[in-house]
Amino acid sequence: MIVAGDSFPVGPAGGPDLPAPRPADLLAWYDAHRRQLPWRSAPGTVADPYHVWLSEIMLQQTTVVTVGPYFQRFLARWPTVADLAAADLDAVLKEWAGLGYYARARNLHACAQAVVARHGGRFPADESALLDLPGIGAYTAAAIAAIAFDLPATAMDGNVERVLSRIYAVTDPLPGSKPTLKALASALVPAKRPGDYTQALFDLGATLCSPRNPCCVLCPWRDACRGRRDGIADLLPRKAEKAAKPTRRGVAFWLTNARGQVLLRRRPESGLLGGMMEVPSSAWEPGADLAYTRALAWAPAAVDWQRLPGIVRHTFTHFHLELTVVRGHLVDDGAAVDGVWCAPADFHDQALPTVMRKVVTWARSGGKD
DNA sequence: TATCCGTGGGA
DNA sequence: TTCCCAAGGAT
């Protein structure tokens, strides 16, 4: 048993000694307040590993509310992992469009194929075997092992890190405190109902032990919480400072042909928005605006480009993007261009990420809000 | 270890 | 407006 104040960097023992948090108390709270989510099975039953895996991939850095409709659509279209493995990658990317972190979609498809090829279409009930699959890291392997197979794995996600850092008043900032939190979390995983216990931690972090304004008075672990005792629960976990986001700028080329179609292009398989479709654009460079003559060198065709007023803004994880949109028309649509012609009415069926949907909206409006 | 990789909602 | 954050993984 690991004890707060022993060998871990924890807050000051500024009060009465507290009892250890008891998994049974958390499980009792879970049984009374369990959230019904689309990927969860009925109480007392173990969920379908395919459903668990699909939901866990979608839920990486993504909210429950956002994932819900995507999860339902994927399951309706591909009811089994074998169905998903047999799908075209582009169909998967189209269904994933708008959800972000598009490498997840490529790895999802690769993982489905690996499950079929290596494991006969059944997810392995083994944490290390799960870890070997594409798109499954330490967290997801443990989460699947616990939730789908009821194994005593330690799934460390943002919720668990927050709950544990408060319970034990871990004041060292993330990510440096991750090993400490992992050790504390592992020591708590119960032999009985580890899957429900894991989901209970998620629910606790999502509802009561939330990032802001935690509701400590309703918490099943309130009497064991060092962070609450020390009055610092809402300040934890501490996090290392993040770098400021730079701004990058570029030009997007809205090219139409005589049939009213628009030129789209597939982005490279790796990197930002990998494998997704785009309105052809220049490089996105930091600093000052790309000189217009330089931007024209990126144009997909030599036509008379007209700059639209205003600008399309979008923020990614690590930079702001400002895109100038220019429009051009290709009279000779027999000319060779790099990309595919697509009617605007068919855009909904394209693997267009959100930033490109913004460009589409802006170009079609002529640069008006 | 640090960086790259999306998006939408809330404070 | 700006910042933060959400069931992280790959390199």
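Naming convention: chains lettered A, B, ... in sequence-line order (proteins, then strands); numbering from 1 in each chain.
With sequence neighbours excluded, the residues that form a side chain to side chain donor-acceptor pair (under 3.5 Å) with A:R34 are A:Y30, A:Q36. Applying the salt bridge (Lys or Arg N to Asp or Glu O under 4.0 Å) criterion to A:D126, with sequence neighbours excluded, gives no partner residue. A:E278 pairs by the salt bridge (Lys or Arg N to Asp or Glu O under 4.0 Å) definition with A:R265, A:R267, not counting sequence neighbours. For A:E269, there are no salt bridge (Lys or Arg N to Asp or Glu O under 4.0 Å) partners two or more places apart in sequence or in a different chain. When the salt bridge (Lys or Arg N to Asp or Glu O under 4.0 Å) test is applied to A:R35, the partners found at least two apart in sequence or on another chain are A:D203. Residues meeting the side chain to side chain contact (heavy atoms under 4.5 Å, CB included) test with A:H320, sequence neighbours left out: A:K245, A:T247, A:T315. Scanning for side chain to side chain donor-acceptor pair (under 3.5 Å) contacts around A:W254 gives an empty result, with sequence neighbours left out.
For the C1' atom pair drawn from C:dT1 and B:dG8, the interatomic distance equals 16 Å after rounding to whole Å.
Between A:R294 and A:E285 there is a salt bridge, since a side-chain N of the basic residue sits under 4.0 Å from a carboxylate O of the acidic one.
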Considering only distance and modelled atom types, tabulate donor-acceptor pairs under 3.5 Å from the side chains of residues 210-224 of chain A, sequence neighbours left out.
{"from": "A:S210", "atom 1": "OG", "to": "A:R212", "atom 2": "O", "distance (Å)": "3.0"}
{"from": "A:W221", "atom 1": "NE1", "to": "A:R22", "atom 2": "O", "distance (Å)": "2.8"}
{"from": "A:R222", "atom 1": "NH1", "to": "A:C219", "atom 2": "O", "distance (Å)": "2.6"}

Look for any protein N or O under 3.5 Å of an N or O in nucleotides 9-11 of chain C and output each such pair with its distance, or none.
{"from": "C:dG9", "atom 1": "OP1", "to": "A:G137", "atom 2": "N", "distance (Å)": "2.9"}
{"from": "C:dG9", "atom 1": "OP1", "to": "A:T140", "atom 2": "N", "distance (Å)": "3.0"}
{"from": "C:dG9", "atom 1": "OP1", "to": "A:T140", "atom 2": "OG1", "distance (Å)": "2.5"}
{"from": "C:dG9", "atom 1": "OP2", "to": "A:Y139", "atom 2": "N", "distance (Å)": "3.3"}
{"from": "C:dA10", "atom 1": "OP1", "to": "A:G135", "atom 2": "N", "distance (Å)": "2.7"}

Measure all distances between protein nitrogen or oxygen atoms and nitrogen or oxygen atoms of nucleotides 9-11 of chain B, and list the pairs falling under 3.5 Å.
none

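If you take CZ of A:F202 and P of C:dA6, they are 13 Å apart, rounded to a whole angstrom.
Below 30°, between 30° and 60°, or above 60°: for A:F253 and A:W305 the angle between ring planes is above 60°, a perpendicular geometry.
In this structure, A:H314 has its ring center closer than 6.0 angstrom to the ring center of A:F316. Note: A:Y70 and A:W96 fail the aromatic proximity criterion, with ring centroids not under 6.0 Å apart.
Not one side-chain nitrogen or oxygen of A:K239 sits closer than 4.0 Å to the OP1 or OP2 atom of C:dC4. Distances shorter than 4.0 Å separate some side-chain N or O of A:R162 from OP1 or OP2 on C:dA6. One finds a side-chain N or O of A:H318 lying less than 4.0 angstrom from the OP1 or OP2 phosphate oxygen of B:dC5. Residue A:T354 places at least one side-chain N or O closer than 4.0 Å to OP1 or OP2 of B:dG8. Listed pair A:Y101 / B:dC4 fails the phosphate criterion, with no side-chain N or O lying under 4.0 Å from OP1 or OP2.
For DNA chain C, the neighbouring residues in residues 33-43 of chain A, judged by any heavy atom under 4.0 Å, are A:R35, A:L37, A:W39, A:R40. Within a heavy-atom distance below 4.0 Å of DNA chain C, no residue of residues 78-96 of chain A is found.
The side chain of A:Q61 lies closest to C:dG8 when the candidates are C:dG8, B:dC5, C:dA7.
Contacts of A:G205 with the nucleic acid, taken as non-hydrogen atoms under 4.0 Å apart, are absent. Within the nucleic acid shown, A:L273 comes within 4.0 Å of sugar-phosphate atoms alone, with no base atom in reach, counting heavy atoms only.
Side-chain contact between A:C111 and A:I136: present, with at least one pair of heavy atoms (C-beta onward) separated by less than 4.5 Å.
Between A:T66 and A:T63, the side chains place a donor N or O and an acceptor N or O closer than 3.5 Å (distance only, hydrogens not considered).
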